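To keep things clear, I will list the structure first and then write my remarks on it.
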Amino acid sequence: HDCLPVYFRQRWPSSRRKTRFTGGVERTLVAVKPDGVQRRYVGQIIQRFEKRGFKLVGLKMLQASDGLLSQHYRELVKKPFYPNLVDYMTSGPVVAMVWEGLNVVQSSRRMVGPTNPAEAPAGTVRGDLSLHVSRNVVHASDSVEGAEREIKLWFEGKELLNWECYDHSLTYKEDK
Ligand SMILES: Nc1ncnc2c1ncn2[C@@H]1O[C@H](COP(=O)(O)OP(=O)(O)OP(=O)(O)O)[C@@H](O)[C@H]1O
Ligand SMILES: Nc1ccn([C@@H]2O[C@H](COP(=O)(O)OP(=O)(O)O)[C@@H](O)[C@H]2O)c(=O)n1
Ligand SMILES: [Mg+2]
């Protein structure tokens, strides 16, 4: 949290509110997978996160290595589909990004939809743009701890930028 701007280094107070926020301002890793890049969905996916109100603090295109993927998907390396997953994820460039905002981890998971596109509601990225679990277009971290781990894996500290959105006060209600 040391790298967040000063006005973000606190959790939003929730006790006096009807709406209880589950978290504070967070960062998450979202990656457009090789099928999403090939199908030219990078712009549309970025636009969804921008429109929602999240702030882009890191962005790069890269060819993922087997080593990076074995750490990124360390819970899946023993799964039978893991070799296929690596073939898929190394089949072309990936666009990795870090998004920041209130509850961004949970909200981006909801925007992306369930792992299997067959279960993903229309309106989610996977529900709108994909059909098969092994070609599901996008990655989003599934917990705050996972996001911190993945961001460190995919980005160096200096590649993440702290900057202030001019419309911050329109998207956030700050307590006096
Ligand atoms: N049973 C499966 N068969 C084939 N591929 C799978 C299966 N389970 C997961 N995968 C692939 O592995 C990826 C990682 O699985 P995980 O359980 O982390 O799903 P996810 O968290 O929704 O996806 P991601 O981590 O890529 O955002 C899935 O997105 C999918 O592409
Ligand atoms: N049966 C499966 C499950 C996951 N996968 C792939 O593995 C990725 C990571 O799985 P995951 O369980 O972390 O799911 P997500 O977090 O991506 O939703 C998925 O996004 C799929 O691309 C797959 O190819 N086949
Ligand atoms: Mg996952």
Side-chain angles (χ1 to χ4, degrees), residues 1 21-157 159-160:
H1 272 48
F21 296 118
T22 55
V25 173
E26 304 161 349
R27 287 179 170 183
T28 198
L29 181 85
V30 173
V32 185
K33 296 179 175 185
D35 53 335
V37 176
Q38 291 289 345
R39 295 170 67 197
R40 292 173 290 265
Y41 286 151
V42 175
Q44 284 189 42
I45 291 167
I46 289 176
Q47 194 171 40
R48 287 176 183 234
F49 285 84
E50 286 189 327
K51 277 185 175 170
R52 183 80 190 262
F54 294 124
K55 178 164 72 174
L56 186 62
V57 296
L59 174 72
K60 65 179 167 186
M61 183 181 233
L62 73 163
Q63 175 71 45
S65 66
D66 290 16
L68 173 66
L69 293 168
S70 68
Q71 294 182 69
H72 176 76
Y73 285 134
R74 67 179 184 190
E75 273 104 35
L76 301 176
V77 288
K78 299 256 163 63
K79 300 273 186 191
F81 59 81
Y82 185 73
N84 278 328
L85 178 57
V86 173
D87 285 349
Y88 163 41
M89 291 296 293
T90 57
S91 66
V94 169
V95 173
M97 41 206 170
V98 179
W99 289 92
E100 181 183 288
L102 188 62
N103 282 320
V104 68
V105 175
Q106 185 187 39
S107 294
S108 59
R109 259 326 258 205
R110 293 212 168 123
M111 289 164 72
V112 161
T115 306
N116 187 348
E119 289 160 17
T124 63
V125 178
R126 287 168 171 170
D128 287 348
L129 304 179
S130 64
L131 296 171
H132 194 281
V133 68
S134 300
R135 296 290 182 271
N136 58 2
V137 171
V138 68
H139 166 79
S141 309
D142 63 9
S143 65
V144 173
E145 303 72 42
E148 277 172 19
R149 186 180 75 82
E150 291 173 5
I151 289 166
K152 278 196 209 128
L153 205 53
W154 289 76
F155 284 87
E156 293 181 46
E159 294 175 316
L160 302 175

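Counting starts at 1 for both ligands and their atoms, in listed order. Note that these values count all heavy atoms, side chains included, but never hydrogens, waters or copies made by symmetry. Fair warning: this is a prediction, and the values are worked out from it, not measured in the lab.
- Of the N or O atoms in Lys33, one or more lie within a sub-3.5 Å distance of an N or O in ligand 2.
- Below 3.5 Å of separation, one finds no N or O of His139 facing any N or O of ligand 2.
- Within the structure, ligand 1 lacks Lys79 among the residues with a heavy atom less than 4.0 angstrom away.
- Atom 10 (O) of ligand 2 has as its closest protein heavy atom Leu76 CD1, 3.6 Å.
- The heavy atom nearest to atom 22 (O) of ligand 1, out of those in Thr115, Asn84, Leu76, is found in Thr115.
- Residue contacts with ligand 1, taken as heavy atom pairs separated by less than 4.0 Å, involve Ala140 solely via the backbone atoms N, CA, C and O.
- Of all non-hydrogen atoms in Trp154 and Leu62, the two that sit nearest each other are CZ3-CD2, 3.9 Å.
- The atoms of ligand 1 that sit less than 4.0 Å from any heavy atom of Ser134 are 4 (C), 5 (N).
- Annotation for ligand 1: atoms under 4.0 Å from non-hydrogen atoms of Leu85 are 12 (O).
- Looking from atom 26 (O) of ligand 1 to the surrounding protein, the closest heavy atom is Tyr73 OH, 2.5 Å.
- Residues Gly92 and Pro34 approach most closely at O-CG, 3.5 Å, considering heavy atoms.
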Side chain to side chain contact (heavy atoms under 4.5 Å, CB included) between Glu150 and Thr28: does it pass, once the steps are laid out? CA-CA 8 Å; Glu150 291 173 5; Thr28 198; over 6 Å; no
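- Atom NZ of Lys60 has more than 12 neighbouring heavy atoms from other residues, nucleotides or ligands inside a 6.0 Å radius.
- The nearest protein atom to atom 23 (O) of ligand 1, hydrogens excluded, is given as Arg126 NH2, 3.3 Å; this is a heavy-atom distance.
- Counting heavy atoms from C-beta on, the side chains of Lys78 and Pro80 never come closer than 4.5 Å.
- The two residues Leu160 and Val98 have their closest heavy-atom pair at CD2-CG2, 3.6 Å.
- Nearest non-hydrogen protein atom to atom 14 (O) of ligand 2 is Thr115 OG1, 3.0 Å.
- The two atoms that bring Tyr88 and Asn136 nearest to each other are OH-N, 3.2 Å, heavy atoms only.
- Closest of all the heavy-atom pairs between Val105 and Glu26 is N-OE1, 3.0 Å.
- When heavy-atom distances to ligand 2 are checked against a 4.0 Å cut-off, Met89 has no atom that comes that close, whether in backbone or side chain.
- Protein heavy atom closest to atom 3 (N) of ligand 1, with residue, atom name and distance, is Phe81 CD2, 3.4 Å.
- Ligand 1 has a nitrogen or oxygen under 3.5 angstrom from a nitrogen or oxygen of Val133.
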Stepwise side chain to side chain contact (heavy atoms under 4.5 Å, CB included) check, Arg110 with Gln106: CA-CA 6 Å; Arg110 293 212 168 123; Gln106 185 187 39; 3.4 Å; yes
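- When only interatomic distances are considered, the shortest N/O to N/O separation between Tyr73 and ligand 2 does not fall below 3.5 Å.
- The distance from ligand 1 to the heavy atoms of Lys33 drops below 4.0 Å at these ligand atoms: 26 (O), 29 (O), 31 (O).
- Considering each of Val30, Asn136, Asp35, Leu29, the one bringing a non-hydrogen atom nearest atom 29 (O) of ligand 1 is Asn136.
- Of the protein's non-hydrogen atoms, Arg109 NH1, 3.0 Å is the one closest to atom 21 (O) of ligand 1.
- Ranking the protein heavy atoms by distance from atom 7 (O) of ligand 2 puts Leu85 CD1, 3.4 Å first.
- Nearest to atom 2 (C) of ligand 2 among the protein's heavy atoms is Val133 CG2, 3.5 Å.
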For residues 42-52, which side-chain N or O atoms pair as donor and acceptor with protein atoms under 3.5 Å away, sequence neighbours left out?
from  : atom 1 : to     : atom 2 : distance (Å)
Arg48 : NH1    : Gly123 : O      : 3.1
Arg48 : NH2    : Asp128 : OD2    : 2.9

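- By the 4.5 Å heavy-atom criterion applied to side chains, Arg135 and Arg39 are not counted as neighbours.
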Side chain to side chain contact (heavy atoms under 4.5 Å, CB included) between Asp35 and Tyr41, worked out: CA-CA 9 Å; Asp35 53 335; Tyr41 286 151; over 6 Å; no
Run the numbers on Trp99 and Val57 for side chain to side chain contact (heavy atoms under 4.5 Å, CB included), then give the verdict. CA-CA 6 Å; Trp99 289 92; Val57 296; over 6 Å; no
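- In terms of polar-atom proximity, defined here as any N/O pair under 3.5 Å, Arg126 does make such a contact with ligand 2.
- Ranking the protein heavy atoms by distance from atom 24 (O) of ligand 2 puts Ser134 OG, 2.9 Å first.
- With ligand atoms numbered from 1 in the order given, ligand 2 contributes 19 (C), 20 (O), 21 (C), 22 (O) to contacts under 4.0 Å with heavy atoms of Asn136.
- Counting heavy atoms only, His139 comes closest to atom 27 (O) of ligand 1 of the residues His139, Glu150, Glu75, Met89.
- Closest non-hydrogen pair, Val112 versus Thr124, comes out as O-CB, 3.6 Å.
- The N/O atoms of Asp142, backbone and side chain alike, include none that comes under 3.5 Å of an N/O atom in ligand 1.
- Side chains of Leu85 and Lys79 form no contact here, defined as non-hydrogen atoms less than 4.5 Å apart.
- Regarding atom 16 (O) of ligand 2, its nearest protein heavy-atom neighbour is Arg109 NH1, 2.7 Å.
- Counting heavy atoms from C-beta outward, Met89 and His72 have side chains that stay 4.5 Å or more apart.
- Less than 4.0 angstrom separates some heavy atom of Tyr88 from each of these atoms of ligand 2: 22 (O).
- Between Tyr88 and ligand 1, no pair of N/O atoms sits closer than 3.5 Å.
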